[in-house]
Protein chains: 2
Amino acid sequence: MPRKSDAHERMVRSAATLLREHGAGATSIDRVLAHSGAPRGSVYHHFPGGRTQLIEEAVALAGDFVAGLIEAAARTGDPSVAIDKFVSLWRKWLADSDFTAGCPIVAVTVANDDSVRLAGGVFGRWTDGLAAAFGAHGLPDARARRLAMFVIAAVEGAVIMCRAERSIEPLDAATEEIHELLVHALRT
Amino acid sequence: MPRKSDAHERMVRSAATLLREHGAGATSIDRVLAHSGAPRGSVYHHFPGGRTQLIEEAVALAGDFVAGLIEAAARTGDPSVAIDKFVSLWRKWLADSDFTAGCPIVAVTVANDDSVRLAGGVFGRWTDGLAAAFGAHGLPDARARRLAMFVIAAVEGAVIMCRAERSIEPLDAATEEIHELLVHALRT
DNA sequence: GTCTATACGAAGATAGAC
DNA sequence: GTCTATCTTCGTATAGAC
């Protein structure tokens, strides 16, 4: 009885990892196979859409994972908690990878991969989740949305700078300045 | 007499363009040749270091261009001017490319290209330039640096989201929230 | 500086056997 | 579901002629 954790799932997870560490251009079927240990012969059985489908599933998986985290934290009604969860995730991934891994959604976006189509939806969902937390705190819808978008952009940008500089400083700077901004924005 | 605008320079410029539009993985010698119209035969005459050297020169060119812009604006002593120049540049590039072009430094960073080594230095120079403007305005060194880093991260992140969502909204949101933050930070 | 030819490897995708 | 060809295209790099 084939468990759920079969070759298909292992390949999607490996694709997400390669996306994060080496970008879309380097995420080839060959490398996913080597990384996941999945068998060559069944690639087009599991992914009839070939490489495109594989990348798209990896984007969806990563997008859902982060969205779930944001949405769960947003339900506490405290925007600071949601932001902290989001930032902590990147902090952990950067540390675990020694500053070589970033965001898979960013990877497909800057490479203009076929799956950029999905990237907009993922960022949109993250934005909606965070905006809901700001809204619950009493901010007007327009400001809540603007702030949510801004926080996500700032953190994503900081993660890239952390990789380039091989230092956590940019993410620390972003965390502090976001906090500073929220002190004023959330003042009731 | 071979002018300065010869095959070498055209290739570097084309490489930067391809980096911005299709990422590091898709910036191959073949594509640079096709895009620049430069002759095949002299590639390794102009670039003894091959593809690696070509990409590195493109990163350096783009990095210097933006740094020069920031540094010139910073000399006015008004941080808002420097930020406006920086944001306007991205706004124009996004519009001109119909949201398909981003930052070449980001491209080599997320692809973990050999030239990531240069990316940290480029971001560092941009940060120093903007921090100088904040310092001239009277902010303490630590805060000036933190704010400079944050602004660059936020704008770079917003540009990526603009590409994914094919909309200028994320950059508009970033511009407004950065302004909001500066209203408090630059209060004398 | 620029040309052609060539070697070599990696990658996506398909076909047909088991 | 998995295997082994196989085809084709693309990419880097070198050699040697002009």
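Side chains included, hydrogens not; waters and symmetry mates left out as well; all remaining heavy atoms used. Here is the naming used below: chain letters follow the sequence lines, and residue numbers restart at 1 for every chain.
Counting to the nearest Å, the P atom of dG12(C) and the CD1 atom of Ile55(A) are 9 Å from each other. With rounding to whole Å, Asp113(A) atom CG is found 11 Å from dG12(C) atom P. Between the C1' atom of dG9(C) and the CZ atom of Arg31(A) lies a distance of 14 Å, rounded to the nearest Å. For the pair Gln53(B) CD and dT12(D) P, the interatomic distance rounds to 14 Å; values are reported in whole Å. Asp114(B) places its CG atom 12 Å from the P atom of dT12(D), with the value rounded to the nearest Å. Here the P atom of nucleotide dA10(C) and the CD1 atom of Ile29(B) are 17 Å apart, to the nearest Å. Taking atom CZ of Phe47(B) as the reference point, atom C1' of dT2(C) lies 15 Å away to the nearest angstrom. Rounded to whole angstrom, the span from the OH atom of Tyr44(A) across to the P atom of dA5(D) amounts to 18 Å.
Within 6.0 Å of the CG atom in Asp141(A), the count of heavy atoms belonging to other residues, nucleotides or ligands does not exceed 12. Within 6.0 Å of NE2 in His179(B) there are 12 or fewer heavy atoms belonging to other residues, nucleotides or ligands.
Between Ser42(A) and dG1(D) there is no side-chain polar atom (N or O) within less than 4.0 angstrom of OP1 or OP2.
At the heavy-atom level, Ser28(A) lies under 4.0 Å from the strands shown only through sugar-phosphate atoms.
To the nearest 0.5 angstrom, Leu33(B) atom CG is 9.5 Å from Ser14(B) atom OG.
Picking from dT14(D), dA13(C), dT2(D) the nucleotide with the shortest atom distance to the side chain of His45(A) gives dT2(D). Nearest nucleotide to the Arg40(A) side chain, out of dG12(C), dA13(D), dT4(D): dT4(D). For Pro39(A), the side-chain atoms get nearest to dT2(D) when compared with the rest of dT2(D), dG12(C), dC10(D). Residue Arg51(B) places its side chain closer to dA13(D) than to any other of dT2(D), dG1(C), dA13(D). Here dT2(C) is the nucleotide among dG12(C), dA13(D), dT2(C) with the atom lying nearest to any side-chain atom of His46(B).
At a threshold of 4.5 Å between non-hydrogen side-chain atoms, the residues Trp93(A) and Cys103(A) do not count as touching. The side-chain heavy atoms of Glu180(A) and Phe150(B), taken from C-beta on, include no pair separated by under 4.5 Å.
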